Amino acid sequence: MIARAHMQQYGTTEEDMAWVSVKNHRHGAKNDKAQFRREVTVEEVMSSSVVAEPLRLLHCSPVSDGAAAVLLCPLDHAKKYTDRPVKIVGSGLATDSLALAHRQDPAFLDAVQKSAERAYEMARLGPQDIQLAEVHDCFSIAEVCCIEALGFVEKGKGGPAAREGLTAVGGRIPVNTSGGLKSKGHPVGATGIAQAIEIFHQLRGEGGECQVENARIGLAQNMGGSGASSVVHIFQGV
Amino acid sequence: MPSPRYWREIPSRYRLEAGRCKGCGVVVFPARHICPSCRGEDVEKVRLSRKGKVITSTVIHVPPGEFLMEAPYAIALVQTPEGARLMTQVVDCDPSSVLPGMEVNLEFRLIRKEGQGGILCYGHKAVPTP
Ligand SMILES: [Zn+2]
């Protein structure tokens, strides 16, 4: 319903959304920890079976088994564990109504925007400072809405971003270099930490084939309840 | 009689009772004691008119177990003339015809059967306005 509202309000197309899956599978194919290490084509996405219109099977992330862990400590202890720690410089949480009927605009994720504003304020940074992001692409439309709410593109302009290469490695703001929930997999409880781990690797220059050049500042955004709650963290290399 | 979880919702499910905030005028369905918009506590009961317009919609092809027999079926976010929004199934039509802008009437219908005994639960569904 969010997807159809976005299509209705901004002219986003099924093909625009298919490109989110194509792009994330391209990234995930190069991640040796991804669940689906293969590329998909726009044609494959557009001809996969329908789940809930306008979303098809290949617009949807899987439910996966998996685990993820990070070691958190005060920065002055970090050198005991690693020579190259990564700092958390911003953290924000926000909530919205769970029911779509009670939200201001069914095509916009308010909680994602508010959680991002809080994290940006804490980090004294803005969306233009972010060099790469992991966002909660539980469905292709979610990535479209998230990049708008995070301020990477204007409201309503998230649709064409993947198709135009803006959010691919090499683009202005690479999104889901791990393959995202779509290709890397979605082990629900472990997903948020797995996003932080991807940013950690990237900021240490360990991003492998999907390494973003000179990555110093990255962002991870995770949500639940189709945007009823959202958490944003901003990370910086030391 | 269905479970308490269901029959506590009879005012909204059977009578489409919403709340209108006397402070800011916002209409919320189902009714609440506190206005989610201005936090005012002076909320009056209003009955929604049994019609509305589709704001957004979907057609479910892969449903949860108890609705398996009904797929594909349309679900829509419907706005009534009072400004309340509710999520409802849209029936008695080709589900693919349910798109934003469609005018619907809200009709009292069987929603589901509860538990092993198949106790009937009623509520409202939308039907395209003829
Ligand atoms: Zn009010």
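A, B, ... follow the sequence lines: proteins, then strands. Residue 1 opens every chain. What you are looking at is a predicted structure, and each value in this text was computed from that prediction instead of being measured.
Proximity to chain B is absent for every atom of Arg56(A), based on heavy atoms less than 4.5 angstrom apart. With a threshold of 4.5 angstrom between heavy atoms, Ile55(B) approaches chain A through side-chain atoms but not through N, CA, C or O. Looking at Ala76(B), the atoms closer than 4.5 Å to chain A (heavy atoms on both sides) all sit in the backbone: N, CA, C or O. Neither the backbone nor the side chain of Val78(B) comes within less than 4.5 Å of any heavy atom in chain A. Heavy-atom distances place the backbone of Val98(B), and not its side chain, under 4.5 Å from chain A.
The number of heavy atoms from other shown groups lying within 6.0 Å of CG (Asp65(A)) does not exceed 12. No more than 12 heavy atoms of other residues, nucleotides or ligands lie within 6.0 Å of CD in Glu121(A), so this atom counts as exposed by the packing criterion. Taking a 6.0 Å sphere around CD of Gln128(A), one finds it holds more than 12 heavy atoms contributed by other residues, nucleotides or ligands.
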I'd like a table of donor-acceptor pairs (distance under 3.5 Å, sequence neighbours excluded) in which one partner is a side-chain atom from residues 59-72 of chain B, with atom names and distances.
unit_1, atom_1, unit_2, atom_2, d
His61(B), NE2, Glu53(A), OE2, 2.7
Glu66(B), OE1, Arg112(B), NE, 3.2
Glu70(B), OE1, Gln89(B), NE2, 2.9

Distance-only check: which donor-acceptor pairs under 3.5 Å involve side-chain atoms of residues 148-157 of chain A, not counting sequence neighbours?
unit_1, atom_1, unit_2, atom_2, d
Glu148(A), OE1, His6(A), NE2, 3.4
Glu148(A), OE1, Gly156(A), N, 3.0
Glu148(A), OE2, His6(A), NE2, 2.8
Glu148(A), OE2, Gly156(A), N, 3.2
Glu148(A), OE2, Lys157(A), N, 3.4
Glu148(A), OE2, Gly158(A), N, 2.9
Glu154(A), OE1, Lys157(A), NZ, 3.4

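Rounded to the nearest 0.5 Å, atoms CE (Met87(B)) and CE (Met1(A)) are 4.0 Å apart. For the atom pair CG of Leu77(B) and CZ of Arg103(A), the computed distance is 10.5 Å after rounding to the nearest 0.5 Å. Note that CD of Gln104(A) and OG of Ser37(B) are 7.5 Å apart. Values are rounded to the nearest 0.5 Å. Rounding to the nearest 0.5 angstrom, the gap separating the OG1 atom in Thr56(B) from the CG atom in Asp105(A) is 10.5 Å.
Taking both residues in full, the closest heavy atoms of Val28(B) and His102(A) are given as CG1-NE2, 4.3 Å, listed atom of the first, atom of the second, then distance.
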(request) Test Arg4(A) against Leu99(B) for side chain to side chain contact (heavy atoms under 4.5 Å, CB included), laying out the working first. (result) CA-CA 9 Å; Arg4(A) 194 167 266 176; Leu99(B) 293 169; 3.8 Å; yes
